[in-house]
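Working notes, structure below.
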Amino acid sequence: MSNANAGNNIKVVCRFRPQNSREIREGGVPIINYDENGETCRMEGKEFQGNFTFDRIFPPETTQKAVFDESIKPIVDEVISGYNGTVFAYGQTGSGKTHTMMGNMDDDEFKGLIPRIVEQIFASIIASPSTIEYTVKVSYMEIYMEKIRDLLNPQNDNLPIHEEKNRGVYVKGLLEVYVSSIQEVYEVMKRGGSARIVAYTNMNAESSRSHSIFVITVNQKNLTDGSVKSGKLSLVDLAGSEKVGKTGASGQTLEEAKKINKSLSALGMVINALTDGKSTHIPYRDSKLTRILQESLGGNSRTTLIINSSPSSFNEAETLSTLRFGMRAKSIKNKAKVNAELSPAELKALLKKAKSDAVSFQQYISALEGEVGVWRSGGNVPKEKWASMEKGSNSTAPPTPTTPTNPTNPAIEAAKKEIDSRPSTPAPILEKDEREEFLRRENELTDQIADKESILANQEKLLLEMKEELDSYKDQEETITRENKQMVTELNDLKVQLEKVTYDNKESDITMDSLREANVELTNELDSLKRSLTDLRAAQKEGDKEQKKQEKMAQILAELDPTGVISAKEKQIRDTVLKLESIDSAQENVTINIEELISVRHELAESKALVSTHEQTINELHQENEHLTRKRDELEYRLNSLELEYEELLDKTIAEEEANNNIDISETIAELRGKLEAQFVAKKEVQQKEIDELKQELEKKNEELHKLNSALVDLKKANEELQIAINEKDARSESHKNVAEKEKDMERIRKTMAQQLADFDVMKKALMRDLQNRCEKVVELEISLDETREQYNNVLRNNNNKAQQKKMAFLERNLEQLTNVQKQLVEQNSSLKKEVAIAERKLLARNERIQALEALLQDAQEKLTTQNQKFEAQLQAVRERLEQARSQKSINSSSAGFNFGRIAKPIRGGSSNGPDAGSPINNSQIAQVQGKNDRRGSWLSGFRQSQ
Ligand SMILES: Nc1ncnc2c1ncn2[C@@H]1O[C@H](COP(=O)(O)OP(=O)(O)OP(=O)(O)O)[C@@H](O)[C@H]1O
């Protein structure tokens, strides 16, 4: 292997993007001024003002093509020439790293550096002579949370870093895909890009949370001399170097940010150590990023660092730190060399040279040994005779010992250079074998660490899964317990409710019984009251009636015979009859004057006429009585109808009152009162009329009676006169001649008189009876009239006494309500009984459900325990299987995902044999790349618009 070492600084270019909408919104203004030379810019910030000089500065309006042409294009040629190359993009989040590196692959104008590099590589291959055969392979990885993840085989998410003497630092197990066309590379890039981890931050909606490294390795073989060269280009898109606060990162993103910052600060430390000129230790191993980029930083690589910045005052601090980082990196010196294997001719020449070198070394060694022998034997060798390489084998004198730190032998020099060409692991100076051994051991240990880390990650994952499962079980258990508790509570509630219902039921029973009793008592009381009322009324009526009747009778009788004329007359007549009888008994001593007899007869006739007149009067009275009876009947009938009307009216009023509780009672009362008063006045008028008529009749009767009385007085007078005449007749009786005849006549008269008297007596008795009856009837009529009046008064009173009426109505309503309450209670009781039955049934059902649930719970718990045990037992087996499956899957998927990638596809230089022979790489070809990469396209268009 030949080395073509050349010390060269890292090339640092700086690209500013335009201000984005957020910066404009926040009032940011551009604070960068660009020098015309394209290498210097001046920052006019609040905190800092000063110049920065880089290899190239790209202002915001610079196109993707310009950035490529002026900064990266040369590196591609170098890679084709067999150099290692690295392109970094560094900057705060949202500063345009991904835009610069990847851009929009499907857009000719906006595609980034990587697509252009790929095109350039293939273009260079096509342009090279056909004697050179190329193989191109690509790999794509990301470092996320200090773990290397293969983006082309994302299951491999913790790959170890190895270091070997010949290969240098590399990622073990990273999938390398052979590609033979731009399309294939694009496909790989898209595939890998879609697997990248991005997240939303305040600064960038699709912020790359990882450092991504896309590696293109170009191997070439010169078919004429058999020499081989290989160039490797690493394209690194770093994660944002921002302040956590500004990005708004939190949680997982915050943890990420810390780790990203760790890698970036390690990168800073490495750059510091490489550039301060004093550090003997370069801390490559402090992070995976610096370890992988070991050869790009101070090693065998042509390195270009693109620092992306914002020109806005809003991001002044970040821009300043980015620019300072770039300035420091600028002074790093790399020692790039061509990775070439010599052709056989070159090797033969080298062998020849090595052989001659070996001879001269042999001679030198023997000269040195001779000199050592002299020194050891206590001799002294003069300085001019000391053995040296220049003297070579010609020198006979013992060679002069040389210091190991200053070797002059070119072979040793070459060997040392080879080792030094790579940035060595910081360690005490070791023997070559020891170093190799250590590297080997380190690699083994790294593998083990990676394995352990993977196992740990798997275990953590499993643990997490198990925790989740456990949590879900716990949740289930909690839910079941909660349900159980709820059910128990419900059950208790139901029990309480049941007890309450039972208690209420009992209480209602008791209340019902008491109400029933009260009802019965009230009914009895009401009955007794009614009875007593009726009794009282009857008693009062009867008593009043009797009393009134008697009084009235006495009055009437007194009115009929106020002076006792009739009785006196009767008595007189009786006396006369008795006298006549006594005269009869005295027989012969009595002589009756005929004239006197005639007058007596005349008087008798008169008496008869009087009697007949009385009879007539009595008949008239009878008729009148009948008339009165009829009237009374009529009155009774009207009274009854009035009562009925009143009752109806009362009922109606109560009903109305009940129905319209809201109607003003006073109005109803007034209305009712008005009606009743009108009715009463009408009836009273009728009654009054009738009473007046009756009074008139009574007056008439009184007049008639008066007449009768006067007639009786006349009769009395006549009787007196008769008495006088009889007395006179007694005095003259002795002088009468025909006593016998007289006696006979007298006897006849006496008999007739007695007969007439008896008749009169009977008639009188009958008349008296009749009169008494009539009087009784009149009295009764009067009483009934009074009663009617009283009833009217009562009606009036009742009407007036609304309170009493209301009370009655209230009592009736109460009674009704009580009956209703009783009914309701009965209904309630029955419904309660039904509810109790339902509740009991529900309770039973719930009990059953609870029991079933408890059984289920127990089952579940038992199952959980057995499952846990089983799970523990199966865990190991599952892990093993998982591992197996993963490795199998990774093999399958890598072969399935990139069926074109596992086999090397040699590409010949020249247009006839190239990967896209006859189809130079052009835009239309690129446009054929499957699938549109719209990543950030929308932002981009918005961005362009905002510009
Ligand atoms: N020079 C530019 N011209 C036009 N648009 C740009 C430029 N640089 C960046 N952008 C736009 O700014 C947005 C953010 O850019 P980008 O994603 O490249 O930032 P980033 O540095 O990769 O961020 P992160 O570190 O979060 O991944 C993108 O939408 C991109 O299109």
Side-chain angles (χ1 to χ4, degrees), residues 1-6 8 68-69 72-87 113-139 166-168 170 176-186 188-189 214-235 295 300-302 304 336-351 418 421 898 900-922 925-926:
M1 186 183 274
S2 77
N3 293 321
N5 293 332
N8 52 307
F68 174 72
D69 289 344
I72 305 298
K73 205 171 180 184
I75 232 175
V76 180
D77 296 333
E78 288 176 336
V79 170
I80 297 288
S81 309
Y83 286 95
N84 285 346
T86 306
V87 179
L113 297 178
I114 298 176
R116 289 174 198 272
I117 287 168
V118 173
E119 286 172 16
Q120 181 66 33
I121 286 171
F122 280 100
S124 299
I125 289 171
I126 289 160
S128 67
S130 60
T131 50
I132 299 173
E133 192 177 80
Y134 293 90
T135 52
V136 182
K137 54 183 176 180
V138 292
S139 62
N166 293 326
R167 273 184 84 179
Y170 67 97
E176 286 187 306
V177 179
Y178 283 99
V179 286
S180 60
S181 66
I182 297 165
Q183 280 80 1
E184 284 180 6
V185 185
Y186 278 12
V188 171
M189 283 199 295
F214 187 77
V215 184
I216 308 175
T217 312
V218 182
N219 292 313
Q220 50 183 290
K221 191 178 176 185
N222 192 326
L223 296 174
T224 25
D225 62 5
S227 65
V228 290
K229 274 192 230 168
S230 77
K232 189 167 88 174
L233 181 59
S234 304
L235 304 158
E295 295 206 348
N300 168 29
S301 181
R302 296 243 194 258
T304 300
K337 66 171 184 68
V338 174
N339 306 315
E341 279 177 30
L342 303 177
S343 63
E346 285 171 323
L347 282 171
K348 270 178 196 165
L350 270 177
L351 187 67
E418 192 181 320
S421 70
F898 301 104
F900 51 84
R902 304 296 284 178
I903 301 153
K905 295 166 188 169
I907 315 159
R908 289 270 184 89
S911 59
S912 62
N913 195 18
D916 293 308
S919 57
I921 296 125
N922 55 32
Q925 203 177 19
I926 290 155

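- Here the shortest heavy-atom pairing between Glu184 and Tyr178 reads OE1-O, 4.0 Å.
- Residues Thr217 and Glu176 have side chains in contact (heavy-atom distance under 4.5 Å, counting atoms from C-beta outward).
- In this structure, the separation between OG on Ser128 and CD on Glu133 is 11.0 Å, given to the nearest 0.5 Å.
- When side chains are defined from C-beta on, Ile125 counts as touching Val136, because their heavy atoms get closer than 4.5 Å.
- Nearest heavy atoms, Arg302 versus Ile75: O-CD1, 3.3 Å.
- Of the inter-residue distances, the one linking Ile216 atom CD1 with Ile121 atom CD1 reads 4.0 Å to the nearest 0.5 angstrom.
- If you take CG on Asn219 and OG1 on Thr135, they are separated by 4.0 Å, rounding to the nearest 0.5 Å.
- Between Leu113 and Leu235 there is no side-chain heavy-atom pair separated by less than 4.5 Å.
- Distance CG/Leu233 to OH/Tyr83: 15.0 Å, rounded to 0.5 Å.
- For Ser124, the side chain to side chain contact (heavy atoms under 4.5 Å, CB included) test picks out Asp77, Ile80, Gln120, with sequence neighbours left out.
- The line from CE of Met189 to CD1 of Ile114 is 6.5 Å long, rounded to the nearest 0.5 Å.
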Check against side-chain contact (heavy atoms from CB on, under 4.5 Å), Phe122 and Val185: CA-CA 10 Å; Phe122 280 100; Val185 185; 3.6 Å; yes

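- Nearest heavy-atom pair across Asn84 and Ser230 is OD1-O, 4.5 Å.
- What you find for Lys221 and Val228 is that their closest heavy atoms are CG-CG1, 3.6 Å.
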